[in-house]
Number of protein chains: 2
Amino acid sequence: MRADGQRTRAAILRQAADLATVKGLDGLTISELAAALGMSKSGMYAHFESKEALQLATIDVASRIFDEAVVAPALHVEPGIDRLVAMCDAFFDYLQRRTFPGGCFFVVTALEMGERIGPVKECVQHCHADFVGVLRQNAEVAVGRGQLSATEKPDVLVFELNGVILAAHVHSVLHGKADALDIARQVVRRRFGLTGTSGLV
Amino acid sequence: MRADGQRTRAAILRQAADLATVKGLDGLTISELAAALGMSKSGMYAHFESKEALQLATIDVASRIFDEAVVAPALHVEPGIDRLVAMCDAFFDYLQRRTFPGGCFFVVTALEMGERIGPVKECVQHCHADFVGVLRQNAEVAVGRGQLSATEKPDVLVFELNGVILAAHVHSVLHGKADALDIARQVVRRRFGLTGTSGLV
DNA sequence: CCTACCGATCGGTAGG
DNA sequence: CCTACCGATCGGTAGG
């Protein structure tokens, strides 16, 4: 049945995304993926013609999961600083609840693909750039509405927020430091001159 | 001759470190490494008993290269804020001159090893923790000497500096943005309330 | 979606 | 440090 095929495909991609956050998009193996799903290796090829096609499709579903978990919730609050803070908080929540077992799919793959060449790298690159673009838009709104000083450069602000996100990842995933996400929430608030909900400075 | 053996071993490890920053410590292959050196695969096993031993030895030389490039230069300036800024600047220089082809060895491997288990992950983890520890010591000195407010938490400051380093990496390596390192230097200076050498805020 | 199979490459060893 | 080789596993295909 058609619906079954699509459900299977979705299950494969979700599992692939999970595995990729631990082993990398390249370290991910078709046999390993099949085994994790209790299927045969050739069952994977019934859904994808090559490993590269599988990788590309995996990035696509991962970006949907990311948007749903991190971007979408923040769209309910006002553009500008509020949305920026909401989006960072949503990211920290998404990281904390381990939506993917190895942390954030795009943090892991962005660093894995650093100097690679080819469609998989470009796809990861574009997904990451899209997220940075959303942050940037809101940084511009924040400056435009006078929520931030007119001398504040959106590019620099986005760079800094990205840094907090990345530091949160390394401290919580690699080092398993439980307080990393609290520190991250606190740093974001202080950067905007807000009194944190996460306790004293 | 003994000296030849050691020179070969050093050449193997240097090449391995280079490859690991592009393909990852796990994606690195013995055959690929041998080919890059114009040697045979079993020539590698004359120097290392297993891939894991090779990985561990590679991390060791990478940490020496890192210390020489990033930590050592900063030891010539006063502990505290000055040394913190010098160390960050040294990191940005080391990244800019592409000491390793894929960026910083420890940024790349720290994210690759995120949720792995075993001696290789632990080794990367300890190297990263050592660097964070050096930053932390200087953050404590800075607070102790009154260069920073007494309410400033060293852990939080180190978290932030780590974020700047990571953001510099992603923006310059993945996205190839040439101005990333200038932004990074600027952000570090502003964080300490210093007037940047890298132009206006 | 499976069994059965392909050539290529993996990490690693024997023997020199 | 090499040639020659090992079993295991890789990505991928044939045929059903």
Side-chain angles (χ1 to χ4, degrees), chain A residues 1-20 22-59 61 109 112-113 116-121 123-124, chain B residues 1-20 22-59 61 109 112-113 116-121 123-124:
Chain A
M1 206 186 295
R2 206 54 167 287
D4 279 0
Q6 289 188 7
R7 233 178 290 130
T8 303
R9 187 188 145 97
I12 292 171
L13 292 176
R14 177 65 233 215
Q15 183 65 253
D18 278 0
L19 282 171
V22 178
K23 306 260 194 168
L25 265 169
D26 233 80
L28 165 65
T29 259
I30 311 282
S31 350
E32 188 184 18
L33 177 59
L37 290 156
M39 288 172 63
S40 75
K41 212 176 62 174
S42 69
M44 305 296 101
Y45 284 99
H47 292 274
F48 309 98
E49 27 175 35
S50 68
K51 182 173 180 181
E52 187 177 289
L54 189 255
Q55 291 171 320
L56 262 9
T58 300
I59 295 166
V61 313
T109 57
E112 180 191 3
M113 291 298 145
R116 305 285 182 86
I117 296 164
V120 178
K121 182 243 168 98
C123 190
V124 167
Chain B
M1 206 185 294
R2 206 51 167 287
D4 279 358
Q6 290 188 5
R7 233 178 291 130
T8 302
R9 186 189 146 97
I12 292 171
L13 292 176
R14 177 66 233 215
Q15 183 66 252
D18 279 0
L19 282 171
V22 178
K23 307 262 194 169
L25 265 169
D26 233 80
L28 164 65
T29 259
I30 310 281
S31 349
E32 188 185 17
L33 177 59
L37 291 156
M39 287 173 62
S40 73
K41 212 175 63 175
S42 69
M44 305 297 99
Y45 285 98
H47 293 273
F48 309 98
E49 24 173 41
S50 68
K51 183 173 179 181
E52 187 176 290
L54 190 255
Q55 291 172 320
L56 261 9
T58 300
I59 296 167
V61 313
T109 57
E112 180 191 1
M113 290 298 146
R116 306 284 183 86
I117 297 164
V120 178
K121 182 243 169 96
C123 190
V124 168

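As the structure is a prediction and not an experimental result, all values here were calculated from the model. Throughout, a chain's letter reflects where its sequence line sits, starting with A, and its residues are numbered from 1.
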Distance, nearest 0.5 Å, that separates CD of A:Glu49 from CG of A:Leu54
11.0 Å
Would you check if the side chain of A:Gln55 reaches a backbone N or O of A:Leu25 as a donor-acceptor pair within less than 3.5 Å?
yes
For B:Lys51, all residues meeting side chain to side chain donor-acceptor pair (under 3.5 Å), sequence neighbours excluded
none
Identify the stems formed by DNA chain C, where each pair is Watson-Crick or G-U wobble with both distances under 3.5 angstrom and a stem is at least 3 consecutive pairs.
C:1-16 with D:1-16
Once side chain to side chain donor-acceptor pair (under 3.5 Å) is applied, do any residues pair with B:Glu52, and if so which ones, sequence neighbours excluded?
none
Go through residues 10-18 of chain A and report each residue with a non-hydrogen atom lying under 4.0 Å from DNA chain D, sorted by number.
none
Without swapping roles, check the side chain of A:Thr109 against the backbone of A:Glu112 for a donor-acceptor pair under 3.5 Å.
no
With sequence neighbours excluded, what pairs up with A:Thr29 under the side-chain contact (heavy atoms from CB on, under 4.5 Å) test?
A:Ser31, A:Glu32
Nucleic acid contacts of residues 48-59 of chain A, taken as heavy-atom distances under 4.0 Å to DNA chain C
none
Could you report the tightest heavy-atom contact between B:Val22 and A:Arg116, atom names first, then the distance?
O-NE, 2.8 Å
Pairs flagged by salt bridge (charged side-chain N to carboxylate O under 4.0 Å, His left out) wherever residues 34-46 of chain B is involved - sequence neighbours left out:
none
If we ignore hydrogens and angles and just use 3.5 Å, is the side chain of A:Ser40 paired with the main-chain N or O of A:Gly43 as donor and acceptor?
yes
Taking only heavy atoms on the protein side, list every residue of residues 23-42 of chain B lying under 4.0 Å from any atom of DNA chain D, sorted numerically.
B:Met39, B:Ser40, B:Ser42
Quick one: how far along DNA chain D does chain A reach, first to last nucleotide 5' to 3', anything under 4.0 Å to a heavy atom?
D:dC10 to D:dT13
Using a 4.5 Å cut-off on heavy atoms from C-beta on, say whether the side chain of B:Leu37 contacts that of B:Met44.
yes
What distance separates B:Ile12 CD1 from B:Ile30 CD1, expressed to the nearest 0.5 Å?
9.5 Å
Evaluate the criterion side-chain contact (heavy atoms from CB on, under 4.5 Å) for residue pair A:Arg14 and A:Thr58; output intermediate values, then yes/no.
CA-CA 7 Å; A:Arg14 177 65 233 215; A:Thr58 300; over 6 Å; no
A:Thr8 and A:His47, any side-chain heavy atoms less than 4.5 Å apart
yes
Contacts of A:Ala57 meeting side-chain contact (heavy atoms from CB on, under 4.5 Å) (sequence neighbours excluded), chain-then-number -> A:Arg9, A:Leu13, A:Phe48
When you check the gap from the basic side-chain N to the acidic O, do A:Lys23 and B:Asp26 get nearer than 4.0 Å?
no
